Amino acid sequence: MKKARLCLLIPFLLTCLVGCNQSITPSLNYLDTDFDGLYNSIDPDPNNNKYQTTYFDIVEQQSTNPIDITMDYRYFLYDDKPTFNPMIAEIGASMVYDTYEDGKTTFLNNRYSKCDESIFPFYTQIGMSDIVNISVGYKDNEYDKCGIYLGHHKAVINGQKYQFFFGSIVGYLNTTGWASNFDIGYDSQSYKDVFGESSDWINKKDHKGFSTTSNRVYQDIIQYISDYKDNSFQTYFFGVGHSRGGAIINLVGKEMSDNNKDIKSLFYCFNPALTTTEEDEAKLASYTNIFNLKCEEDVVSMVPIKEWGFTLYGDTLYFSHEKNAEYYESIVKDAYPGKPTKIIDVLTKALQKLSVDREGIYEFMPLDAKNQVFKFLTLKSAENFIKKLDETITFKLMKGSYKATLITPKNLINPYVVEVYTRPCAVIALLSEITELAAAQQLNLEKILELVNTYSDILATFVDIIIEVAKEVEFTLADMLTANTDMQRTHGALATVVSVKFAAHLD
(Lines give C-alpha, C1' and ligand atoms only; values in the text may rest on other atoms or scores of the structure.)
Protein backbone atom coordinates (compact mmCIF):
# COMPACT_ATOMS: atom_id res chain seq x y z
CA MET A 1 0.00 0.00 0.00
CA LYS A 2 2.79 2.39 0.91
CA LYS A 3 4.60 1.39 -2.28
CA ALA A 4 1.52 2.18 -4.37
CA ARG A 5 1.14 5.59 -2.76
CA LEU A 6 4.82 6.33 -3.41
CA CYS A 7 4.40 5.43 -7.09
CA LEU A 8 1.49 7.87 -7.33
CA LEU A 9 3.51 10.56 -5.58
CA ILE A 10 6.53 10.34 -7.89
CA PRO A 11 4.82 11.92 -10.96
CA PHE A 12 3.49 14.72 -8.76
CA LEU A 13 6.96 15.42 -7.38
CA LEU A 14 8.51 15.37 -10.88
CA THR A 15 5.86 17.82 -12.11
CA CYS A 16 6.58 20.18 -9.24
CA LEU A 17 10.31 19.86 -9.85
CA VAL A 18 9.97 20.67 -13.56
CA GLY A 19 7.68 23.58 -12.73
CA CYS A 20 10.16 24.94 -10.20
CA ASN A 21 13.03 24.61 -12.66
CA GLN A 22 11.10 26.58 -15.28
CA SER A 23 10.72 29.51 -12.90
CA ILE A 24 14.03 29.55 -11.05
CA THR A 25 16.59 28.29 -13.58
CA PRO A 26 16.96 31.64 -15.39
CA SER A 27 17.54 33.41 -12.09
CA LEU A 28 20.17 30.84 -11.15
CA ASN A 29 21.88 30.77 -14.55
CA TYR A 30 21.79 34.51 -15.21
CA LEU A 31 21.91 35.97 -11.72
CA ASP A 32 23.50 39.42 -12.03
CA THR A 33 22.63 41.61 -9.06
CA ASP A 34 24.03 44.85 -10.49
CA PHE A 35 23.14 44.08 -14.15
CA ASP A 36 26.59 45.02 -15.44
CA GLY A 37 26.90 41.91 -17.59
CA LEU A 38 29.12 39.94 -15.21
CA TYR A 39 27.06 37.19 -13.61
CA ASN A 40 27.47 36.95 -9.85
CA SER A 41 29.41 33.71 -10.24
CA ILE A 42 32.28 35.60 -11.94
CA ASP A 43 31.74 39.18 -10.74
CA PRO A 44 34.30 40.19 -8.08
CA ASP A 45 31.93 42.91 -6.89
CA PRO A 46 28.34 41.84 -7.72
CA ASN A 47 26.75 44.86 -6.05
CA ASN A 48 28.72 47.53 -7.88
CA ASN A 49 28.32 48.40 -11.59
CA LYS A 50 30.40 51.56 -11.46
CA TYR A 51 33.80 51.54 -13.14
CA GLN A 52 36.77 53.79 -13.65
CA THR A 53 38.33 53.78 -17.09
CA THR A 54 41.26 55.39 -18.83
CA TYR A 55 41.67 55.98 -22.56
CA PHE A 56 44.80 56.15 -24.65
CA ASP A 57 45.50 59.56 -26.19
CA ILE A 58 47.15 58.85 -29.56
CA VAL A 59 48.20 62.49 -29.99
CA GLU A 60 50.12 62.72 -26.72
CA GLN A 61 50.87 58.96 -26.63
CA GLN A 62 49.78 58.63 -23.03
CA SER A 63 46.79 57.49 -21.00
CA THR A 64 44.20 59.98 -19.87
CA ASN A 65 43.23 60.62 -16.28
CA PRO A 66 40.52 58.17 -15.14
CA ILE A 67 36.84 58.91 -15.65
CA ASP A 68 33.76 57.13 -14.25
CA ILE A 69 31.24 55.05 -16.13
CA THR A 70 28.21 52.99 -15.05
CA MET A 71 27.11 49.84 -16.88
CA ASP A 72 23.55 48.61 -16.43
CA TYR A 73 21.66 46.56 -19.02
CA ARG A 74 18.35 47.85 -17.68
CA TYR A 75 19.13 51.19 -19.34
CA PHE A 76 18.47 49.63 -22.76
CA LEU A 77 14.93 48.43 -22.07
CA TYR A 78 12.02 50.45 -23.44
CA ASP A 79 8.40 49.88 -24.43
CA ASP A 80 7.25 51.92 -27.42
CA LYS A 81 9.42 55.02 -27.66
CA PRO A 82 12.90 55.29 -26.11
CA THR A 83 14.07 58.55 -24.58
CA PHE A 84 17.62 59.83 -24.64
CA ASN A 85 19.61 58.40 -21.74
CA PRO A 86 22.93 60.10 -20.85
CA MET A 87 24.15 56.90 -19.20
CA ILE A 88 23.71 55.05 -22.49
CA ALA A 89 25.59 57.89 -24.19
CA GLU A 90 28.55 57.28 -21.86
CA ILE A 91 28.48 53.54 -22.57
CA GLY A 92 28.19 54.14 -26.32
CA ALA A 93 31.02 56.67 -26.32
CA SER A 94 33.33 54.11 -24.71
CA MET A 95 32.23 51.53 -27.25
CA VAL A 96 33.10 53.73 -30.22
CA TYR A 97 36.44 54.66 -28.69
CA ASP A 98 37.40 51.01 -28.53
CA THR A 99 36.79 50.61 -32.27
CA TYR A 100 39.99 52.52 -32.98
CA GLU A 101 43.18 50.50 -33.30
CA ASP A 102 45.14 52.73 -30.94
CA GLY A 103 42.20 53.61 -28.71
CA LYS A 104 41.60 50.83 -26.25
CA THR A 105 40.12 51.38 -22.82
CA THR A 106 41.72 50.09 -19.65
CA PHE A 107 39.47 49.33 -16.69
CA LEU A 108 40.89 50.06 -13.26
CA ASN A 109 40.33 48.74 -9.73
CA ASN A 110 41.36 45.21 -10.70
CA ARG A 111 38.01 44.63 -12.35
CA TYR A 112 39.46 43.95 -15.76
CA SER A 113 42.52 42.18 -17.12
CA LYS A 114 43.53 43.29 -20.59
CA CYS A 115 42.68 40.52 -23.00
CA ASP A 116 44.09 39.60 -26.37
CA GLU A 117 43.95 42.63 -28.71
CA SER A 118 41.83 40.66 -31.17
CA ILE A 119 39.01 40.78 -28.63
CA PHE A 120 36.98 43.94 -28.13
CA PRO A 121 37.93 45.10 -24.59
CA PHE A 122 34.70 46.84 -23.68
CA TYR A 123 32.54 43.96 -24.89
CA THR A 124 34.55 41.55 -22.79
CA GLN A 125 34.09 43.69 -19.71
CA ILE A 126 30.30 43.84 -20.03
CA GLY A 127 29.87 40.09 -20.43
CA MET A 128 29.39 39.80 -24.19
CA SER A 129 29.67 36.35 -25.78
CA ASP A 130 30.70 35.20 -29.29
CA ILE A 131 32.47 38.50 -30.01
CA VAL A 132 33.36 38.87 -33.69
CA ASN A 133 35.08 41.52 -35.79
CA ILE A 134 33.74 41.53 -39.35
CA SER A 135 35.39 43.32 -42.26
CA VAL A 136 32.69 44.76 -44.51
CA GLY A 137 33.51 45.70 -48.07
CA TYR A 138 32.97 45.28 -51.77
CA LYS A 139 35.37 43.54 -54.12
CA ASP A 140 34.57 46.03 -56.88
CA ASN A 141 35.00 49.12 -54.70
CA GLU A 142 38.14 49.79 -52.72
CA TYR A 143 36.59 52.58 -50.65
CA ASP A 144 33.09 51.52 -49.52
CA LYS A 145 34.20 49.42 -46.60
CA CYS A 146 34.29 49.42 -42.83
CA GLY A 147 34.38 47.01 -39.90
CA ILE A 148 31.97 46.04 -37.15
CA TYR A 149 32.31 44.42 -33.74
CA LEU A 150 29.34 42.29 -32.69
CA GLY A 151 28.52 40.47 -29.48
CA HIS A 152 25.52 39.37 -27.42
CA HIS A 153 24.56 38.95 -23.78
CA LYS A 154 21.65 37.21 -22.00
CA ALA A 155 20.05 38.65 -18.88
CA VAL A 156 17.03 38.03 -16.70
CA ILE A 157 15.50 41.28 -15.44
CA ASN A 158 12.41 41.28 -13.20
CA GLY A 159 11.77 37.69 -14.21
CA GLN A 160 11.84 38.47 -17.96
CA LYS A 161 14.45 37.03 -20.34
CA TYR A 162 16.32 39.43 -22.61
CA GLN A 163 19.08 38.94 -25.16
CA PHE A 164 21.08 42.08 -25.96
CA PHE A 165 23.01 42.35 -29.23
CA PHE A 166 25.57 45.16 -29.50
CA GLY A 167 27.23 46.46 -32.67
CA SER A 168 30.09 48.99 -32.92
CA ILE A 169 31.10 50.35 -36.33
CA VAL A 170 34.79 50.62 -37.24
CA GLY A 171 34.79 53.54 -39.70
CA TYR A 172 37.93 52.63 -41.60
CA LEU A 173 39.84 49.49 -42.50
CA ASN A 174 43.63 49.83 -42.74
CA THR A 175 43.22 53.62 -43.14
CA THR A 176 41.03 53.17 -46.25
CA GLY A 177 37.50 54.51 -46.50
CA TRP A 178 38.19 58.22 -46.52
CA ALA A 179 37.40 58.50 -50.23
CA SER A 180 33.98 56.98 -49.55
CA ASN A 181 33.18 60.00 -47.37
CA PHE A 182 33.46 62.24 -50.43
CA ASP A 183 31.35 59.94 -52.63
CA ILE A 184 28.15 61.93 -52.13
CA GLY A 185 26.40 60.52 -55.17
CA TYR A 186 23.75 61.79 -57.53
CA ASP A 187 21.39 59.87 -59.77
CA SER A 188 22.81 61.09 -63.08
CA GLN A 189 24.97 59.80 -65.92
CA SER A 190 27.64 62.39 -65.12
CA TYR A 191 28.03 60.92 -61.65
CA LYS A 192 28.27 57.40 -63.06
CA ASP A 193 30.97 58.51 -65.49
CA VAL A 194 33.20 59.34 -62.53
CA PHE A 195 32.25 56.81 -59.88
CA GLY A 196 30.66 54.04 -61.93
CA GLU A 197 27.50 52.02 -61.36
CA SER A 198 26.50 50.54 -58.00
CA SER A 199 23.61 48.11 -57.60
CA ASP A 200 24.04 48.36 -53.82
CA TRP A 201 23.06 52.05 -53.76
CA ILE A 202 19.33 51.57 -53.34
CA ASN A 203 18.02 54.84 -51.89
CA LYS A 204 19.37 57.63 -54.09
CA LYS A 205 18.39 60.23 -51.48
CA ASP A 206 21.08 58.84 -49.18
CA HIS A 207 24.81 59.59 -49.36
CA LYS A 208 26.11 56.95 -51.75
CA GLY A 209 29.36 56.04 -49.97
CA PHE A 210 27.65 55.66 -46.59
CA SER A 211 24.56 53.99 -48.01
CA THR A 212 26.27 51.18 -49.91
CA THR A 213 28.46 50.42 -46.91
CA SER A 214 25.55 50.50 -44.48
CA ASN A 215 23.62 48.00 -46.62
CA ARG A 216 26.34 45.42 -46.12
CA VAL A 217 26.66 46.22 -42.42
CA TYR A 218 22.92 45.76 -42.01
CA GLN A 219 23.05 42.36 -43.70
CA ASP A 220 25.92 41.22 -41.48
CA ILE A 221 24.12 42.38 -38.31
CA ILE A 222 20.93 40.54 -39.23
CA GLN A 223 22.92 37.41 -40.09
CA TYR A 224 24.75 37.55 -36.76
CA ILE A 225 21.50 37.97 -34.83
CA SER A 226 20.00 35.07 -36.76
CA ASP A 227 23.02 32.88 -35.94
CA TYR A 228 22.94 33.52 -32.19
CA LYS A 229 19.35 34.48 -31.42
CA ASP A 230 17.60 32.49 -28.68
CA ASN A 231 13.88 32.62 -29.43
CA SER A 232 13.00 32.17 -25.77
CA PHE A 233 14.53 35.61 -25.08
CA GLN A 234 13.22 39.01 -26.18
CA THR A 235 15.72 40.57 -28.59
CA TYR A 236 17.25 44.03 -28.20
CA PHE A 237 19.93 45.64 -30.42
CA PHE A 238 22.16 48.60 -29.60
CA GLY A 239 24.30 50.10 -32.39
CA VAL A 240 26.92 52.84 -32.20
CA GLY A 241 29.41 54.55 -34.46
CA HIS A 242 31.61 57.63 -34.53
CA SER A 243 32.32 59.95 -37.47
CA ARG A 244 31.99 57.87 -40.66
CA GLY A 245 30.90 55.01 -38.43
CA GLY A 246 28.21 57.28 -36.98
CA ALA A 247 26.87 58.02 -40.47
CA ILE A 248 26.82 54.33 -41.35
CA ILE A 249 25.01 53.28 -38.17
CA ASN A 250 22.51 56.13 -38.74
CA LEU A 251 21.50 54.50 -42.03
CA VAL A 252 21.60 51.02 -40.50
CA GLY A 253 19.20 52.32 -37.86
CA LYS A 254 16.78 53.49 -40.52
CA GLU A 255 16.95 50.16 -42.35
CA MET A 256 16.60 48.06 -39.22
CA SER A 257 13.70 50.12 -37.92
CA ASP A 258 11.86 49.70 -41.23
CA ASN A 259 12.37 45.97 -41.62
CA ASN A 260 12.82 44.33 -38.22
CA LYS A 261 9.86 45.20 -36.01
CA ASP A 262 10.48 42.12 -33.84
CA ILE A 263 13.77 43.59 -32.60
CA LYS A 264 13.82 46.48 -30.14
CA SER A 265 16.64 48.54 -31.63
CA LEU A 266 18.45 51.64 -30.39
CA PHE A 267 21.18 53.69 -32.10
CA TYR A 268 23.56 56.36 -30.81
CA CYS A 269 25.53 58.13 -33.57
CA PHE A 270 28.49 60.21 -32.37
CA ASN A 271 29.56 63.19 -34.51
CA PRO A 272 28.17 61.57 -37.67
CA ALA A 273 28.56 63.08 -41.12
CA LEU A 274 25.20 63.92 -42.73
CA THR A 275 23.56 60.98 -44.47
CA THR A 276 20.43 61.81 -46.46
CA THR A 277 18.56 64.39 -48.52
CA GLU A 278 15.17 63.05 -47.42
CA GLU A 279 12.87 66.09 -47.25
CA ASP A 280 9.93 64.60 -45.34
CA GLU A 281 10.51 65.97 -41.85
CA ALA A 282 7.85 63.74 -40.34
CA LYS A 283 9.57 60.67 -41.76
CA LEU A 284 12.99 61.81 -40.51
CA ALA A 285 11.60 62.41 -37.03
CA SER A 286 9.71 59.10 -36.99
CA TYR A 287 12.92 57.22 -36.19
CA THR A 288 12.65 57.91 -32.48
CA ASN A 289 15.16 55.16 -31.67
CA ILE A 290 18.03 56.99 -33.44
CA PHE A 291 19.95 59.66 -31.50
CA ASN A 292 22.64 61.77 -33.17
CA LEU A 293 25.08 63.43 -30.76
CA LYS A 294 26.89 66.29 -32.46
CA CYS A 295 29.54 68.69 -31.23
CA GLU A 296 28.77 72.30 -32.15
CA GLU A 297 32.36 72.96 -33.24
CA ASP A 298 32.86 69.77 -35.26
CA VAL A 299 33.16 70.35 -39.02
CA VAL A 300 32.90 66.69 -40.01
CA SER A 301 29.33 66.45 -38.77
CA MET A 302 28.48 69.52 -40.88
CA VAL A 303 29.16 67.82 -44.22
CA PRO A 304 28.03 67.23 -46.89
CA ILE A 305 27.02 70.88 -46.73
CA LYS A 306 23.46 71.54 -45.60
CA GLU A 307 22.92 73.80 -48.62
CA TRP A 308 22.62 70.58 -50.64
CA GLY A 309 19.81 69.38 -48.39
CA PHE A 310 21.70 66.82 -46.30
CA THR A 311 20.49 65.89 -42.85
CA LEU A 312 20.16 62.84 -40.56
CA TYR A 313 17.49 60.32 -39.65
CA GLY A 314 16.32 60.51 -36.04
CA ASP A 315 16.74 63.08 -33.27
CA THR A 316 19.85 65.29 -33.14
CA LEU A 317 21.27 66.56 -29.84
CA TYR A 318 24.14 69.02 -29.49
CA PHE A 319 26.98 69.46 -27.03
CA SER A 320 30.03 71.73 -27.02
CA HIS A 321 33.73 70.99 -26.75
CA GLU A 322 34.37 74.68 -26.23
CA LYS A 323 32.07 74.87 -23.22
CA ASN A 324 33.58 71.67 -21.85
CA ALA A 325 37.20 72.70 -22.47
CA GLU A 326 38.18 72.90 -18.81
CA TYR A 327 36.85 69.44 -18.09
CA TYR A 328 38.37 68.15 -21.34
CA GLU A 329 41.82 69.42 -20.38
CA SER A 330 41.61 67.91 -16.91
CA ILE A 331 41.03 64.48 -18.45
CA VAL A 332 43.21 64.60 -21.56
CA LYS A 333 46.04 66.51 -19.88
CA ASP A 334 46.37 68.75 -22.94
CA ALA A 335 44.83 72.07 -23.99
CA TYR A 336 41.76 71.94 -26.18
CA PRO A 337 42.71 73.77 -29.43
CA GLY A 338 39.45 75.71 -29.61
CA LYS A 339 39.31 75.92 -33.43
CA PRO A 340 38.31 73.16 -35.82
CA THR A 341 40.27 72.37 -38.96
CA LYS A 342 39.73 74.78 -41.87
CA ILE A 343 39.82 72.24 -44.69
CA ILE A 344 36.03 71.86 -44.88
CA ASP A 345 35.62 75.63 -44.64
CA VAL A 346 37.76 76.02 -47.77
CA LEU A 347 35.80 73.36 -49.66
CA THR A 348 32.40 74.74 -48.65
CA LYS A 349 33.22 78.34 -49.53
CA ALA A 350 34.83 77.34 -52.82
CA LEU A 351 31.74 75.39 -53.89
CA GLN A 352 29.52 78.28 -52.84
CA LYS A 353 31.55 80.71 -54.92
CA LEU A 354 31.21 78.38 -57.90
CA SER A 355 27.44 78.26 -57.29
CA VAL A 356 27.54 74.50 -57.68
CA ASP A 357 24.76 72.27 -56.34
CA ARG A 358 24.89 68.54 -55.65
CA GLU A 359 24.15 67.67 -59.28
CA GLY A 360 26.50 70.28 -60.67
CA ILE A 361 29.65 69.00 -58.98
CA TYR A 362 29.65 66.07 -61.43
CA GLU A 363 28.99 68.13 -64.57
CA PHE A 364 31.82 69.54 -66.70
CA MET A 365 32.38 73.25 -66.16
CA PRO A 366 32.12 75.65 -69.11
CA LEU A 367 35.41 76.04 -70.92
CA ASP A 368 37.66 78.81 -69.62
CA ALA A 369 39.81 79.89 -72.53
CA LYS A 370 42.28 81.53 -70.16
CA ASN A 371 42.99 78.51 -67.98
CA GLN A 372 41.84 75.40 -69.82
CA VAL A 373 42.93 75.85 -73.43
CA PHE A 374 46.47 74.67 -74.20
CA LYS A 375 48.10 75.42 -77.58
CA PHE A 376 50.91 73.43 -79.28
CA LEU A 377 52.87 73.91 -82.46
CA THR A 378 52.95 70.21 -83.38
CA LEU A 379 50.57 67.28 -83.20
CA LYS A 380 53.13 65.24 -81.32
CA SER A 381 53.55 67.80 -78.55
CA ALA A 382 49.77 68.02 -78.14
CA GLU A 383 49.45 64.25 -77.97
CA ASN A 384 52.32 64.06 -75.47
CA PHE A 385 50.53 66.57 -73.25
CA ILE A 386 47.40 64.39 -73.18
CA LYS A 387 49.46 61.25 -72.61
CA LYS A 388 51.32 62.85 -69.72
CA LEU A 389 48.04 63.83 -68.06
CA ASP A 390 46.76 60.29 -68.40
CA GLU A 391 49.95 58.75 -67.01
CA THR A 392 50.55 61.10 -64.09
CA ILE A 393 46.97 61.25 -62.85
CA THR A 394 46.52 57.79 -61.40
CA PHE A 395 44.04 58.46 -58.59
CA LYS A 396 40.79 56.85 -59.79
CA LEU A 397 38.41 59.62 -58.72
CA MET A 398 40.61 62.35 -60.18
CA LYS A 399 40.97 60.44 -63.44
CA GLY A 400 37.22 60.55 -64.01
CA SER A 401 37.02 64.23 -63.13
CA TYR A 402 38.40 65.61 -66.39
CA LYS A 403 38.59 65.02 -70.12
CA ALA A 404 41.07 66.33 -72.69
CA THR A 405 39.92 67.01 -76.25
CA LEU A 406 42.37 67.50 -79.13
CA ILE A 407 41.35 69.95 -81.87
CA THR A 408 43.33 69.77 -85.13
CA PRO A 409 43.83 73.13 -86.91
CA LYS A 410 42.30 73.69 -90.34
CA ASN A 411 45.62 74.97 -91.64
CA LEU A 412 49.27 74.90 -90.60
CA ILE A 413 49.20 78.51 -89.46
CA ASN A 414 46.98 77.80 -86.44
CA PRO A 415 48.23 75.76 -83.48
CA TYR A 416 46.96 72.39 -82.22
CA VAL A 417 44.61 72.94 -79.29
CA VAL A 418 43.92 70.75 -76.29
CA GLU A 419 40.79 71.68 -74.33
CA VAL A 420 40.71 70.37 -70.76
CA TYR A 421 37.23 70.11 -69.28
CA THR A 422 36.97 69.66 -65.52
CA ARG A 423 34.20 68.65 -63.14
CA PRO A 424 34.04 70.48 -59.76
CA CYS A 425 34.28 67.08 -58.08
CA ALA A 426 37.98 67.24 -59.00
CA VAL A 427 38.41 69.40 -55.89
CA ILE A 428 36.66 66.73 -53.83
CA ALA A 429 38.84 64.08 -55.45
CA LEU A 430 41.96 66.01 -54.44
CA LEU A 431 40.80 66.34 -50.83
CA SER A 432 39.90 62.67 -50.88
CA GLU A 433 43.39 61.68 -51.98
CA ILE A 434 44.99 64.01 -49.42
CA THR A 435 42.96 62.54 -46.56
CA GLU A 436 43.74 58.97 -47.67
CA LEU A 437 47.44 59.83 -47.61
CA ALA A 438 47.14 61.64 -44.28
CA ALA A 439 45.39 58.65 -42.72
CA ALA A 440 48.15 56.38 -44.01
CA GLN A 441 50.73 58.83 -42.59
CA GLN A 442 52.19 59.41 -46.06
CA LEU A 443 51.48 63.12 -46.26
CA ASN A 444 54.05 65.89 -45.91
CA LEU A 445 54.73 69.27 -47.49
CA GLU A 446 56.70 67.70 -50.34
CA LYS A 447 53.82 65.34 -51.18
CA ILE A 448 51.27 68.18 -51.11
CA LEU A 449 53.35 70.23 -53.54
CA GLU A 450 53.74 67.17 -55.75
CA LEU A 451 49.97 66.66 -55.90
CA VAL A 452 49.28 70.32 -56.62
CA ASN A 453 51.84 70.29 -59.44
CA THR A 454 50.43 67.05 -60.86
CA TYR A 455 46.90 68.41 -60.97
CA SER A 456 47.71 72.01 -61.85
CA ASP A 457 46.39 71.75 -65.40
CA ILE A 458 43.14 70.10 -64.31
CA LEU A 459 42.50 72.40 -61.36
CA ALA A 460 43.48 75.59 -63.18
CA THR A 461 39.89 76.87 -63.15
CA PHE A 462 39.65 76.48 -59.39
CA VAL A 463 43.09 77.74 -58.36
CA ASP A 464 42.14 81.41 -58.16
CA ILE A 465 39.00 80.66 -56.17
CA ILE A 466 40.80 78.32 -53.78
CA ILE A 467 43.54 80.87 -53.15
CA GLU A 468 40.91 83.56 -52.56
CA VAL A 469 39.01 81.38 -50.09
CA ALA A 470 42.20 80.27 -48.35
CA LYS A 471 43.06 83.91 -47.72
CA GLU A 472 39.56 84.59 -46.39
CA VAL A 473 39.76 81.85 -43.79
CA GLU A 474 43.51 82.35 -43.24
CA PHE A 475 44.22 78.79 -44.36
CA THR A 476 47.87 77.90 -44.90
CA LEU A 477 49.96 74.84 -45.75
CA ALA A 478 50.75 74.63 -42.06
CA ASP A 479 47.02 74.22 -41.38
CA MET A 480 46.90 71.33 -43.82
CA LEU A 481 49.88 69.62 -42.23
CA THR A 482 48.40 69.95 -38.73
CA ALA A 483 44.86 69.07 -39.84
CA ASN A 484 45.11 65.49 -38.63
CA THR A 485 46.14 66.58 -35.12
CA ASP A 486 43.47 69.27 -35.03
CA MET A 487 40.91 66.70 -36.07
CA GLN A 488 41.89 64.44 -33.19
CA ARG A 489 41.35 67.29 -30.77
CA THR A 490 38.02 68.54 -32.14
CA HIS A 491 36.43 65.54 -33.81
CA GLY A 492 38.42 62.53 -32.61
CA ALA A 493 36.92 59.71 -30.60
CA LEU A 494 38.70 60.72 -27.40
CA ALA A 495 37.35 64.28 -27.57
CA THR A 496 33.89 62.86 -28.18
CA VAL A 497 34.11 60.46 -25.23
CA VAL A 498 35.20 63.15 -22.81
CA SER A 499 32.74 65.80 -23.96
CA VAL A 500 29.80 63.40 -24.08
CA LYS A 501 30.71 62.17 -20.61
CA PHE A 502 30.64 65.72 -19.30
CA ALA A 503 27.66 66.94 -21.32
CA ALA A 504 25.62 63.97 -20.10
CA HIS A 505 25.42 65.53 -16.64
CA LEU A 506 24.98 69.21 -17.52
CA ASP A 507 21.23 69.11 -17.02
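The chain is numbered in sequence order, starting from 1. The model shown is predicted, which means the values in this text are computed figures rather than measured ones.
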Give a yes or no answer on whether the side chain of N40 reaches the backbone of T33 with a donor-acceptor pair at less than 3.5 Å.
yes
Rounding to 0.5 Å, atoms CE (M256) and CD1 (I222) come to a distance of 4.0 Å
In terms of heavy-atom contacts, I249 and G239 come closest through CG1-C, 3.8 Å
From the list F237, Y39, F165, ring-ring contact (aromatic ring centres under 6.0 Å, His included) with H153 holds only for Y39
Nearest heavy-atom contact between P82 and N289 is CG-CA, 3.7 Å
Checklist entry - Do I67 and V497 have side chains that get closer than 4.5 Å, going by heavy atoms? => result yes
message: Taking G309's backbone N and O only, do any of them form a donor-acceptor pair with E279's side chain (distance below 3.5 Å, no angle check)?
response: no
Practice prompt. Assess the pair Y362 and Y186: is the distance between their ring centroids shorter than 6.0 Å?
Written response: no
Check your understanding: Is the ring centre of F166 less than 6.0 Å from the ring centre of F76?
Key -> yes
Taken to the nearest 0.5 Å, the spacing of R423 CZ from M365 CE works out to 12.5 Å
What one should report as the nearest heavy-atom pair of R74 and D72 is NH2-OD2, 2.7 Å
Check your understanding: Is there a donor-acceptor contact under 3.5 Å linking the side chains of T83 and Y78?
Key -> no
Exercise for review: Output yes when D144 and K208 qualify as a salt bridge under the 4.0 Å nitrogen-oxygen rule, no when they do not.
Suggested key: yes
Quiz prompt | Expected output: side-chain Y268 to main-chain G246 donor-acceptor under 3.5 Å | solution = no
In this structure, CG of L274 is separated from NE2 of H207 (nearest 0.5 Å) by 9.0 Å
Ignoring hydrogens and geometry, is there a side-chain-to-backbone donor-acceptor pair from R216 to V136 under 3.5 Å?
-> no
With a 4.5 Å cut-off on side-chain heavy atoms, are I202 and D200 touching? no
Review point. Are any non-hydrogen side-chain atoms of T288 and D315 less than 4.5 angstrom apart?
Key: no
Distance col, row E255:CD vs Y218:OH, nearest 0.5 angstrom, shows 5.5 Å
Nearest heavy-atom approach of W201 to I184 is CZ2-O, 4.5 Å
**Message:** Between Y313 and T275, do the side chains contain a donor N or O and an acceptor N or O under 3.5 Å apart?
**Reply:** no
- Query: Do the side chain of N271 and the main chain of C295 share a donor and acceptor less than 3.5 angstrom apart?
  - Reply: yes
* Return yes if some donor-acceptor pair links the side-chain N/O of T235 with the main-chain N/O of I263 below 3.5 Å, else return no. => no
Smallest heavy-atom separation, L312 atom then P272 atom, equals CD1-CG, 3.9 Å
Is there side-chain contact between N47 and D34, with at least one heavy-atom pair below 4.5 Å?
no
Side-chain donor/acceptor of T277 to backbone N/O of K205, under 3.5 Å: yes
A side-chain contact here means heavy atoms from C-beta on lying under 4.5 Å apart; do D98 and S168 qualify?
no
**Message:** Hydrogens and angles aside, do Y55 and T53 bring a side-chain donor and acceptor to less than 3.5 Å of each other?
**Reply:** yes
| message | Would Y236 and Y162 count as a ring-ring contact (aromatic ring centres under 6.0 Å, His included) here? Give the steps. | response | CA-CA 7 Å; Y236 278 73; Y162 300 98; 5.8 Å; yes
Salt bridge (Lys or Arg N to Asp or Glu O under 4.0 Å) filter on D258, not counting sequence neighbours, yields K254
- Message: Could you check whether any side-chain heavy atom of T213 comes within less than 4.5 Å of a side-chain heavy atom of L251, counting everything from C-beta outward?
- Response: no
Residues passing the salt bridge (Lys or Arg N to Asp or Glu O under 4.0 Å) test with D220, sequence neighbours excluded, are none
Rounded to the nearest 0.5 Å, the OH atom of Y287 sits from the OG atom of S257 at a distance of 7.0 Å
All heavy atoms of L150 vs all of Y123, minimum pair found to be C-CE2, 3.8 Å
When rounded to the nearest 0.5 Å, the distance separating OG of S243 from CD1 of I248 is 9.5 Å
For residues 281-295, the salt bridge (charged side-chain N to carboxylate O under 4.0 Å, His left out) pairs (sequence neighbours left out) are E278-K283
Quiz item: Near N259 CG, under 6.0 Å, is it more than 12 heavy atoms from other residues, nucleotides or ligands?
Solution: yes
Does K333 reach the side chain of N65, with side-chain heavy atoms less than 4.5 Å apart?
yes
Side chain to side chain, Y73 and N49, heavy atoms closer than 4.5 Å
no
